[in-house]
Structure formats: structure tokens, C-alpha cells
Amino acid sequence: MSDADPRLDGVRLDTGEPVNLMPLLAKAGEGTVYGVVGHPEWVAKVFHPDLNGLASKLDKVAAMVQSCPSGSVQPNGFVVLTWPERLLQGRSGPVGYVMPRIETATAVEIHTMSNPANRADPLPSTPQWIRNATWQHLVNIAANLCLAVEVVHRVDAVIGDFQERNILVSDTTEVTLVDCDSMQFIDAGGHRYLCGVGRPEFTAPELAGLNLREQAREKSSDLFALAVHIHQLLMAGNHPFLRGTWTGRGEQPDALSLARAGHWAGGPNSQLRTHPLAPSLGFLPAEIQRLFVRAFTDGARNPAGRPSAGEWRAALSRIHVTRCESGQHQIPIGAGCPWCAIAGERRARKRRQRGVPANSAAPATARSKTLSNTLAANTKLIVIGIWSAVAVVVVLTVFIVWAILSGASSFGL
């Protein structure tokens, strides 16, 4: 192939097999992604030659190739992890690696699924299947995300930068974790390759204030981020430490400070209460509520006590849904509908903004029925009045005629 990067001339797999790279598919911060001729199941990532820490990154990838976790590609061919599978060798040494190719045409980042507004009105460039996603689909996505975490934790790896843009959701609700070469990993010799980045809203509280380029993470830190993602999926995109009604003193603390104190929206003894326009934790099955308490309340003091991905997946699989009384929403069997309650709260807020009295809050159908009944009663009275007037006129007419006829007979003699 023709390429400006001379390192790609004569590139081979670590097995010695020569490979030809197709024209580039994408450019990322750390490297360029190409197709691989003759291997539609692969893509190749070639690191930028001026990448900071390139030698360490290549050593890490070489170690990851030797420890691919079972289940990274499912029996049906679905790719759960874009884990390095083969090292790419140039004429002067390794330049990158090949990994499983994933279908991106119908995939979306997980935040697109968590956010109800994104699902209801997707951009034209976004796969339109998300319009039809139900709450049951979101439960399935949460369970499949748990599966991906389980696969990572089968080897000495920690996701680390467990944020929404590294999680892709397919139109079958299956989940893929990408950017696997940024994960924390320990090689066979015990050398630990750290993950030096992370988003604050998905960072476990025990890591607050630490230099992540020097601090090793435990798998329990992934379980904190996992619980946050599950909360957002099940709770209409609401982050447990970002949206709520703060009842403590002063301004609401930042997410990491709240997480350290175990204050989260709707949690036991939490000073952050559920937002009026957010679903209450109580609509979830008791088992799921307990797992959130373990993850956010107990986990603030004891990170090792957070629920594992397997525990979450088992509990999520036991959720059975039904339609609410309005027939518009899916809810767990036996639960009240938080979505109808939120819609009612929004209507009440709009009435208050318009200054409409509270006693006018009767449903429109009831007001319409009352108006109809009033009109019917008034119409009946009008009809009775008309017939009464007609009767009076007729009686008076008969009387006058009689009087005239009677007068003619008497006075004409």
C-alpha cells in the first residue's frame, strides 16, 4: 500500500506472516487504524511514531497479546473487547497491533442510550433504531455491560478509564469495550502497566486526589464506575452524584466529594435527595436497590464490598417488566410508574409558571365532561321555556277569540 509512514513497508505479524494494510479507517490520538487485506475480522492500529511513552505502550501490547481473556469474542462472533490479538512488526521493530473488527455502523456510545432525549430525537447521523429502545432494552444493555467487565476481570486487567465514550452498544443491546490498550494490565512477570487517565464522574472515591499515572487501581474501582453506568441506564440518565436536591449546608459538593461521603441521590441517610424530575429509587426491585447501596454507600467506606459484575448481571436478569397503568411505559412488575409521576410533576410546574390556580388542575377530560353536562342542562331549560311560551300564546289566543265571539252575540241585539 502507499502510505507516508515508512515503518509500514514490509510490515508483518509477530508470527512472521506478511500483511497488507488497507487505506486508513480512522485517526485517533495515539495511532491510525487500518483495515487488513484478507482478514475482514481484523483492523490494525499503528501507533504514531512520536507518541509519548511509545516503547512502554508497545511492551504492554505485546504482553496483552499473550493474555487474551476468554470470552473477548463471544461464540456468536460478537466482539466484547477490542483486545490486542497480534503484534505488528515493521522493519525496525514493532509498530502496533491487530485487534478484532467491530461493526460501528449501527453502534452508539452508551450515553446515547442512557439519555432519554437522545433516544427520542436522535441526530440524522445516529442509528435510528434507538428510537424504539424500551426500558427492558436498557436493562439488557446493563447486563451485557456487566458481561464485558467480567471478561476484563478474568485476567489481571482493570478497565481504569471506564467512561461512556469507551463503551459501544449494538442494535442487539450487546456491548463492546474499546480502547483496551489503555487498560491497566499486569504481565506474566508481574510488571504493572498503569492506566493514567480517567473521567472524574466515573472515578472511584478512593482514588480522589491521587496521581493516576503513578497509582495502581484495584478491580473494585471498575465496580464503582459500573454501578454509575447501571444507575444512568435504569434511572433515565441521572448520575447518582450529579443530579439531585442538595439538603446539606452550602453549595452542592462535586461528584467525587459526594462519592467519598457516600451521599448519592436517594441513598439511605443521604443529604442528596432524589430530584423531583428524576425517578425514585423505590421503583426498582429491592435486590437492585441493595446493590446500589453496597456500591455507593457501603462502598465509600469499603471498596472491596462493592457488588461484582457477576452479581449485578444475575440480579438484572431477574428483573421482569410490565406496562404501567397508562400503558405508555415499562416498569418492573409490582412497581409504581415513575415516568407517569414525572410527567405529572412537569405538568404541575407548567401550571404554576402560568399562575393557574391549583383547583384548575382537574384533567382536561373531566373539565370537558363538566362543561358538556352544563351545556346540556342549559339547553333543556331553554327548550322547556320555549314550549311554555308557546303554550301561553296558544291559551291567550283562544281566550281572545272566545271573548270576541262572545261579545258580538251579546251587544249586537
Side-chain angles (χ1 to χ4, degrees), residues 71 74 78-81 107-119 127 129-130 132-153 159 162-178 199 201-202 204 219-243 264-267 278-296 299 306-322 329-333 335 338-339:
Q74 292 292 291
F78 186 83
V79 177
V80 174
L81 307 178
V108 296
E109 294 175 351
I110 196 168
H111 60 88
T112 304
M113 298 305 301
S114 299
N115 190 323
N118 288 346
R119 297 198 309 272
W129 63 265
I130 66 174
N132 301 317
T134 65
W135 195 73
Q136 177 68 74
H137 289 126
L138 301 180
V139 173
N140 294 345
I141 292 168
N144 286 325
L145 178 60
C146 294
L147 172 63
V149 176
E150 285 185 89
V151 173
V152 172
H153 288 180
I159 298 168
F162 196 2
Q163 51 120 329
E164 53 201 9
R165 297 198 177 277
N166 290 338
I167 308 168
L168 299 184
V169 180
S170 75
D171 56 357
T172 60
T173 72
E174 293 170 293
V175 171
T176 301
L177 298 184
V178 300
R199 289 263 296 278
E201 59 266 41
F202 299 103
K219 292 177 181 177
S220 56
S221 67
D222 281 349
L223 299 179
F224 172 84
L226 174 62
V228 171
H229 286 299
I230 294 173
H231 190 281
Q232 290 185 298
L233 284 165
L234 302 186
M235 305 288 278
N238 288 279
H239 190 288
F241 302 99
L242 287 176
R243 192 175 191 228
W264 54 286
S280 170
L281 190 71
F283 95 97
L284 295 172
E287 182 180 21
I288 299 295
Q289 295 183 48
R290 288 193 294 270
L291 292 181
F292 278 128
V293 171
R294 285 177 54 195
F296 299 142
R306 293 175 185 139
S308 68
E311 287 181 273
W312 273 114
R313 187 156 70 101
L316 290 164
S317 70
R318 288 190 281 270
I319 295 179
H320 299 287
V321 303
T322 186
H329 309 107
Q330 285 188 343
I331 56 173
I333 290 176
W339 325 119

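The structure displayed is predicted, hence computed values, not measured ones. Both backbone and side-chain heavy atoms feed into the values below; hydrogens, waters and symmetry mates do not.
Between L284 and L234 there is a side-chain heavy-atom pair separated by less than 4.5 Å. I110 places a side-chain heavy atom less than 4.5 Å from the side chain of L233. Counting only heavy atoms from C-beta outward, the side chains of N140 and W135 never approach each other to under 4.5 Å. Between Q163 and N166, the closest side-chain pair of non-hydrogen atoms falls below 4.5 Å. Within the 4.5 Å cutoff, no side-chain heavy atoms of V321 are placed close to those of I333. Considering only heavy atoms from C-beta on, L145 comes within 4.5 Å of I167 through its side chain. Inter-residue side-chain proximity for F292 and I230 is flagged as met; some heavy-atom pair is nearer than 4.5 Å. In this structure, F224 and F296 have side chains that are in contact, with non-hydrogen atoms separated by less than 4.5 Å.
Panel note: side chain H229, backbone L226; no donor-acceptor pair is recorded below 3.5 Å. No donor-acceptor pair closer than 3.5 Å links the side chain of W312 to the backbone N or O of A227. A donor-acceptor distance shorter than 3.5 angstrom exists from the side chain of R306 to the backbone of S220, with no hydrogens or angles considered. Within the 3.5 Å criterion, the main-chain N or O of Q330 finds a donor-acceptor partner in the side chain of W339. Side-chain atoms of E174 never come within 3.5 Å of backbone atoms of V80 as a donor-acceptor pair (strictly under, hydrogens ignored). No donor-acceptor pair under 3.5 Å is formed between the side chain of Q232 and the backbone N or O of S114. Between the side chain of N115 and the main chain of G237, no donor-acceptor pair closer than 3.5 Å is present.
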Trace of the side-chain contact (heavy atoms from CB on, under 4.5 Å) decision for V228 with E201:
CA-CA 9 Å; V228 171; E201 59 266 41; over 6 Å; no
Does E164 form a side-chain contact (heavy atoms from CB on, under 4.5 Å) with E109? I'd like the steps, not just the answer.
CA-CA 7 Å; E164 53 201 9; E109 294 175 351; 5.9 Å; no
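Of the listed residues (T112, L138, N132), just one forms a side chain to side chain contact (heavy atoms under 4.5 Å, CB included) with R119, and that residue is L138.
Atoms OG and CG, from S308 and D222 in turn, are 12.5 Å apart once rounded to the nearest 0.5 Å. Separating the CD atom in Q136 from the OG1 atom in T173 is a distance of 9.0 Å, to the nearest 0.5 Å. Atom CG in N144 sits 8.0 Å away from atom OG in S170 (nearest 0.5 Å).
When all heavy atoms are compared, the tightest approach of W129 to V108 is CZ2-CG2, 4.2 Å. I331 approaches P338 most closely through the heavy-atom pair CG2-CD, 4.0 Å. The two residues L316 and A143 come nearest to each other via the heavy atoms CD1-N, 3.7 Å. The nearest pair of heavy atoms linking H111 to N118 is O-ND2, 3.9 Å. Between A315 and I288 the shortest heavy-atom distance is CB-CD1, 3.7 Å. Shortest non-hydrogen contact noted between L223 and P307 is CD1-O, 3.4 Å.
Taking the six-membered ring for Trp and the full ring otherwise, the centers of F202 and F241 sit at least 6.0 Å from each other.
Between the side chains of N238 and H231, no donor-acceptor pair of N or O atoms lies under 3.5 Å.
Sorted by first and then second residue, the pairs that involve residues 286-296 and meet salt bridge (Lys or Arg N to Asp or Glu O under 4.0 Å), not counting sequence neighbours, are E287-R318, R294-E311.
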